[in-house]
*Asks:* 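Below you'll find the structure I mean.
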Amino acid sequence: MRIDIISAVPELMHSPFNTSIVKRAIDKKLVDVHFHNLRDYTTNTYRQIDDYPFGGGAGMVLMIAPIDKCISELKAARNYDEIIYMTPDAPVLNQKTSNSLSLCENIIILCGHYKGVDQRVREHFITKEISIGDFVLSGGELAATVLCDSIIRLLPGVLGDETSALTDSFQDNLLAPPIYTRPSNYNGWEVPEVLTSGNFPKIEAWREDKALQRTKQIRPDLLNED
Ligand code: ADE
């Protein structure tokens, strides 16, 4: 899979892509991530990428021309399954969306910054808009990083134990059950006996029950989703 990320401040994202599971996936060539700095696509002398909003109001708006140039160059080189814009005024990311994006060959992710982008970018280039929650970040970069992490860990070969992504919270619309490791008794706090019983059907039934209990308690809304 190839991911192209367009941003006014790509350096904000470098560390998360240079660490841990995502870095390993890149090193193993399971995913190819390219950062594009919008300033490299300006044609004006001052490398200006934003301007005041028509009609007045606070904040600056990312201009259409550098974004058009960057997206057009990318699209001329290959086909993209989705061109995604990270913005708080969009449907909220969930596991289903990450699962389906993990099946794509090539995607572009555009990060908003300042007040956002010229609406014509959204109307003419973007095929999908994603928010990571009902709060406002300073830009889409951290949101894009979250989205990429959730996609990349699903790619075949990225996680050591192939089944481990399947048992994550939200797969099957359930939160994950509690997990424990050694020691089985810490200061008198005991691990549930069933987990050390060696009875795997019973352990599985216990986990399913706990997952359902936790979901009912914490996120009952998930149980009504398809
Ligand atoms: N940009 C700013 N806030 C955001 C959010 N909550 N989700 C996605 N992109 C954003």
Side-chain angles (χ1 to χ4, degrees), residues 1-19 21-22 31 33-42 48-55 57-68 70-71 74 80-104 106-155 168-170 173 175 218-219 221-222 225:
M1 178 181 201
R2 176 184 167 118
I3 304 177
D4 288 276
I5 306 177
I6 306 172
S7 160
V9 274
E11 58 274 19
L12 249 177
M13 294 173 278
H14 288 167
S15 163
F17 285 86
N18 253 312
T19 323
I21 292 175
V22 172
V31 63
V33 180
H34 297 260
F35 294 101
H36 305 277
N37 191 330
L38 267 183
R39 270 182 223 285
D40 296 336
Y41 296 86
T42 50
Q48 186 188 356
I49 54 167
D50 59 338
D51 210 335
Y52 295 99
F54 278 127
M60 301 293 272
V61 181
L62 287 176
M63 299 157 88
I64 192 168
I67 297 172
D68 180 6
C70 183
I71 291 179
L74 291 172
Y80 284 92
D81 304 288
E82 296 283 6
I83 303 177
I84 300 165
Y85 175 50
M86 303 309 299
T87 179
D89 55 332
V92 176
L93 178 66
N94 58 23
Q95 192 63 43
K96 204 169 142 201
T97 303
S98 298
N99 289 349
S100 99
L101 289 173
S102 76
L103 302 174
C104 292
N106 302 309
I107 61 172
I108 294 175
I109 303 176
L110 172 65
C111 305
H113 216 77
Y114 314 112
K115 235 356 196 195
V117 294
D118 186 308
Q119 181 63 22
R120 291 166 292 185
V121 170
R122 299 172 73 163
E123 285 167 10
H124 299 286
F125 299 113
I126 299 300
T127 61
K128 191 175 190 65
E129 300 189 330
I130 297 178
S131 162
I132 62 157
D134 294 340
F135 45 83
V136 179
L137 300 165
S138 317
E141 286 75 14
L142 298 180
T145 306
V146 167
L147 174 64
C148 288
D149 186 294
S150 78
I151 294 171
I152 291 170
R153 64 194 303 287
L154 296 171
L155 300 176
D168 286 344
S169 280
F170 304 111
N173 284 350
L175 300 185
I218 302 166
R219 292 291 307 276
D221 55 300
L222 291 176
E225 282 182 14

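Index from 1, following the sequence. If you're wondering where the values come from, they're calculated on a predicted model, not measured in any experiment. In listed order, ligands and their atoms are each counted from 1. Below, each value reflects all heavy atoms present in this structure, side chains not excepted, and no hydrogens, waters or symmetry copies.
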*Asks:* One pair to check against side-chain contact (heavy atoms from CB on, under 4.5 Å): Ile6 and Ile71. What are the steps and the verdict?
*Replies:* CA-CA 8 Å; Ile6 306 172; Ile71 291 179; 3.6 Å; yes
*Asks:* How would you list, by chain and number, the residues with a heavy atom under 4.0 angstrom from ligand 1?
*Replies:*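 Ligand 1 is contacted, at a heavy-atom distance under 4.0 Å, by Met86, Thr87, Pro88, Ile130, Ser131, Ile132, Gly133, Phe135, Val136, Leu137, Gly139, Gly140, Ala143.
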*Asks:* Do Glu141 and His113 have side chains that approach each other closer than 4.5 Å (heavy atoms only, starting at C-beta)?
*Replies:*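 Yes, their side chains come closer than 4.5 Å.
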*Asks:* Identify, with sequence neighbours excluded, every residue that meets salt bridge (Lys or Arg N to Asp or Glu O under 4.0 Å) alongside Glu129.
*Replies:*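 For Glu129 the salt bridge (Lys or Arg N to Asp or Glu O under 4.0 Å) partners, ignoring immediate neighbours, are Arg122.
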*Asks:* Between Phe17 and Phe35, is the ring centre distance below 6.0 Å?
*Replies:*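 For Phe17 and Phe35, the ring centres are under 6.0 Å apart.
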*Asks:* What's the spacing between Cys104 SG and Tyr80 OH if we round to 0.5 Å?
*Replies:*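 It is 12.0 Å, given to the nearest 0.5 Å.
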*Asks:* Could you check Leu147, Ile108, Ile152 and say which one makes a side-chain contact (heavy atoms from CB on, under 4.5 Å) with Ile3?
*Replies:*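 For Ile3, the side-chain contact (heavy atoms from CB on, under 4.5 Å) test succeeds with only one of Leu147, Ile108, Ile152, which is Ile152.
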